[in-house]
Amino acid sequence: MTLSDKDIDFLVATVAAAGTDEIMPRFRNLSAGAISEKTSAVDLVTEADVLAEKLITAALLERFPKAHIVGEEAYDADHSVIPALADAPLAFVIDPIDGTFNYASGFPAFGTLLAVTVKGETVAGLIHDPVMGDTIIGLKGEGAYLHRKNGSQAKLKVADPAPLSDMVGLFSWGHSHPDRRPVIAANMAKIKMALSLNCSAHEYWLASAGNLHFIGHEKLMPWDHLAGVLIHQEAGGYTARFDNTPYRPGQTTGGILSAPDKESWKMLRREIVAL
């Protein structure tokens with residue numbers, strides 16, 4: 001299936017509506033009862049996550065009634081939805097609020113991620129910033145563009161390759177195996193500046209716009225990475241799992257690393273990931 005320009009406009013309008021109607025009215029306005037722990041005190045869900053996902057899901061199914069939907073908040077009810085991404089004729093993968101800990105803390109670094117896959121290939125990715133109202137759109141083979149709320153557009157390009165000591169990047173080593181955490185954390189001292197955003201949406205946003213040199217993760221949930229990886233690739237970057245195989249819909253293991261180019265990727269895997 002090929003998405004039309006009208007389909008893309010619809011997807012952008014849908015994620016923007018979730019931000020306007022469900023996410024921003026509750027930002028810095030959540031009661032204690034509207035925030036719940038999932039697996040830990042830093043893995044949270046709020047009523048805004050749930051309601052935004054329901055809004056997006058309902059809109060998608062109204063327009064694409066046969067589509068396979070994978071939403072982060074609905075995943076707990078049916079874990080089979082992720083493997084089904086490998087061959088679904090048309091699927092949408094939703095993270096209504098990526099960076100929920102930031103959102104619940106009143107810190108404005110969160111976003112909405114939406115990926116579109118067709119038969120195991122990501123064909124479109126959106127990152128929406130509800131705070132600013134801007135959206136990044138990446139389409140397979142067509143580049144990645146920042147669409148600002150004021151109507152202006154800008155083509156995105158990843159950072160140029162640089163020596164390791166001049167790089168700015170991040171690695172979410174908190175999700176690594178306990179034996180590997182101190183190794184990766186120590187290796188991050190080799191770069192110019194290490195960041196931690198706790199938000200894949202803004203990580204891929206910054207990397208795709210050339211403000212970060214690399215991103216590394218060992219935890220691979222599709223709603224965190226599918227949209228951002230496509231956007232990063234369409235902005236000229238190189239992303240692969242740690243074994244240098246492509247990252248595809250349905251995969252949840254193997255780690256992932258995004259870099260300006262393949263040679264930088266190899267160097268970062270060696271110097272940071274220590275593989």
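What you see below is based on every heavy atom in this structure, not just the backbone, and it leaves out hydrogens, waters and symmetry mates. Count residues from 1 along the sequence.
Residues L212 and L170 are in side-chain contact: their nearest non-hydrogen atoms beyond the backbone lie under 4.5 Å apart. Considering only heavy atoms from C-beta on, L114 comes within 4.5 Å of L11 through its side chain. Side chains of P249 and E121 form no contact here, defined as non-hydrogen atoms less than 4.5 Å apart. With a 4.5 Å cut-off on side-chain heavy atoms, S208 and K157 do not count as touching. Side-chain contact between F27 and P108: present, with at least one pair of heavy atoms (C-beta onward) separated by less than 4.5 Å. Contact of the V131 side chain with the F110 side chain is registered, since non-hydrogen atoms from C-beta on lie closer than 4.5 Å. With contacts defined as side-chain heavy-atom distances shorter than 4.5 Å, the pair I136/D134 does not qualify. The shortest distance between side-chain heavy atoms of I94 and L60 falls below 4.5 Å.
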Discussion item. Could you go through F107 and F101, starting from their C-alpha distance and side-chain angles, then the distance that decides it, and tell me whether this counts as ring pair (Phe, Tyr, Trp, His ring centres under 6.0 Å)?
Written reply: CA-CA 8 Å; F107 179 54; F101 180 85; 9.6 Å; no

Discussion item. Side chain to side chain contact (heavy atoms under 4.5 Å, CB included) for I256 and Y247? Distances and angles first, verdict last.
Written reply: CA-CA 7 Å; I256 195 170; Y247 169 60; 3.6 Å; yes

Practice prompt. Apply salt bridge (charged side-chain N to carboxylate O under 4.0 Å, His left out) to E218 and R180, showing your working.
Written response: CA-CA 10 Å; E218 295 205 32; R180 289 177 48 73; 3.0 Å; yes

Discussion item. Show, in sequence, the C-alpha distance, side-chain angles and deciding distance for N244 and K262, and conclude whether the side chain to side chain contact (heavy atoms under 4.5 Å, CB included) test is met.
Written reply: CA-CA 9 Å; N244 202 15; K262 190 171 184 178; 3.8 Å; yes

Discussion item. Could you walk me through whether V229 and Y204 satisfy the side chain to side chain contact (heavy atoms under 4.5 Å, CB included) test, starting with their C-alpha distance in whole Å, then the side-chain angles of each, then the deciding distance to 0.1 Å, before giving a yes or no?
Written reply: CA-CA 7 Å; V229 166; Y204 283 110; 3.6 Å; yes

Item to complete: Please assess T135 against H147 for the test side-chain hydrogen bond (donor to acceptor under 3.5 Å, both in side chains), listing each intermediate value before the final yes or no.
Response: CA-CA 5 Å; T135 307; H147 294 247; over 6 Å; no

Practice prompt. Please lay out, stage by stage, how I56 and T112 fare under the test side chain to side chain contact (heavy atoms under 4.5 Å, CB included).
Written response: CA-CA 10 Å; I56 295 169; T112 300; 4.1 Å; yes

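Counting only distance, with no hydrogens or angles, the side chain of D95 and the backbone of D224 share no donor-acceptor pair below 3.5 Å. In this structure, E53 contributes its side chain and E73 its backbone to a donor-acceptor pair below 3.5 Å. With T100 contributing its side chain and I97 its backbone, the two residues share a donor-acceptor pair below 3.5 Å. Side-chain atoms of E234 come within 3.5 Å of backbone N or O of G143 as a donor-acceptor pair. In terms of modelled atom types and a separation under 3.5 Å, the side chain of H213 and the main chain of V168 share a donor-acceptor contact. Judged purely by atom type and a 3.5 angstrom limit, S264 has no side-chain atom pairing as donor or acceptor with the backbone of P260. Between the side chain of T122 and the backbone N or O of A124, no donor-acceptor pair lies under 3.5 Å. At distances below 3.5 Å, at least one donor-acceptor pair connects side-chain atoms of Y103 with backbone N or O atoms of I23. Panel note: side chain R148, backbone Q153; no donor-acceptor pair is recorded below 3.5 Å. Looking at N102, its side chain does come within 3.5 Å of a backbone N or O of L197 through a donor-acceptor pair.
To the nearest 0.5 angstrom, Q251 atom CD is 9.5 Å from L226 atom CG. With rounding to the nearest 0.5 angstrom, the NE2 atom of H128 is 11.0 Å from the CE atom of M132. To the nearest 0.5 Å, atom CG of residue D129 and atom CD1 of residue I127 are 10.0 Å apart. For the atom pair I215 CD1 and H202 NE2, the distance stands at 12.5 Å (nearest 0.5 Å). Rounding to the nearest 0.5 angstrom, the gap separating the CD atom in E271 from the NZ atom in K266 is 14.5 Å. Taken from OG1 in T20 to CD in E22, the straight-line distance is 10.5 Å, to the nearest 0.5 Å.
Taken together through direct or relayed side-chain contacts under 4.5 Å among Ile, Leu, Val, Met, Phe, Trp and Tyr, L44 and L51 form parts of separate hydrophobic clusters. Under the 4.5 Å side-chain contact rule for hydrophobic residues, V118 and V81 do not share a cluster. Residue V93 is not grouped with residue L230 when hydrophobic side chains (ILVMFWY) are merged at heavy-atom distances under 4.5 angstrom, including chains of intermediate members. Linking ILVMFWY residues whenever their side-chain heavy atoms come closer than 4.5 Å, directly or via other members, leaves I35 and V45 in distinct clusters. By the rule that hydrophobic residues join a cluster once side-chain heavy atoms approach within less than 4.5 Å of another member, L139 and L156 end up as members of separate clusters.
Using a 4.0 Å cut-off between a side-chain N of Lys or Arg and a carboxylate O of Asp or Glu, D7 and R63 qualify as a salt bridge. Salt bridge status for R26 with E47: present, with a side-chain N to carboxylate O gap under 4.0 Å.
Within a 6.0 Å radius of NZ in K190, other residues, nucleotides and ligands contribute more than 12 heavy atoms. Annotation: D76, atom CG; neighbour count of heavy atoms from other residues, nucleotides and ligands within 6.0 Å is above 12.
Pairing each heavy atom of M221 with each of I82, the nearest pair is CE-CD1, 3.7 Å. Minimum interatomic distance between T253 and L220 (heavy atoms only, all atoms of both residues): O-CD1, 3.4 Å. Between S200 and D98 the shortest heavy-atom distance is N-OD2, 2.6 Å. A207 approaches H232 most closely through the heavy-atom pair CB-CD2, 3.8 Å. Residues A59 and T14 approach most closely at CB-CG2, 3.8 Å, considering heavy atoms. Nearest approach of A235 to A144, heavy atoms of both residues: N-CB, 4.2 Å.
Counting Ile, Leu, Val, Met, Phe, Trp and Tyr side chains that sit under 4.5 Å apart, directly or through other members, V273 shares a hydrophobic cluster with L164, M167, F171, W173, I184, M188, I191, F214, Y238, F242, L257, W265, M267, L268, I272, L275.
Annotation: ring pair (Phe, Tyr, Trp, His ring centres under 6.0 Å) contacts involving residues 63-95, sequence neighbours excluded, comprise F64-F92, Y75-H79, Y75-W223.
The six-membered or imidazole ring of H217 lies away from that of H175, with a centre-to-centre distance of 6.0 Å or more.
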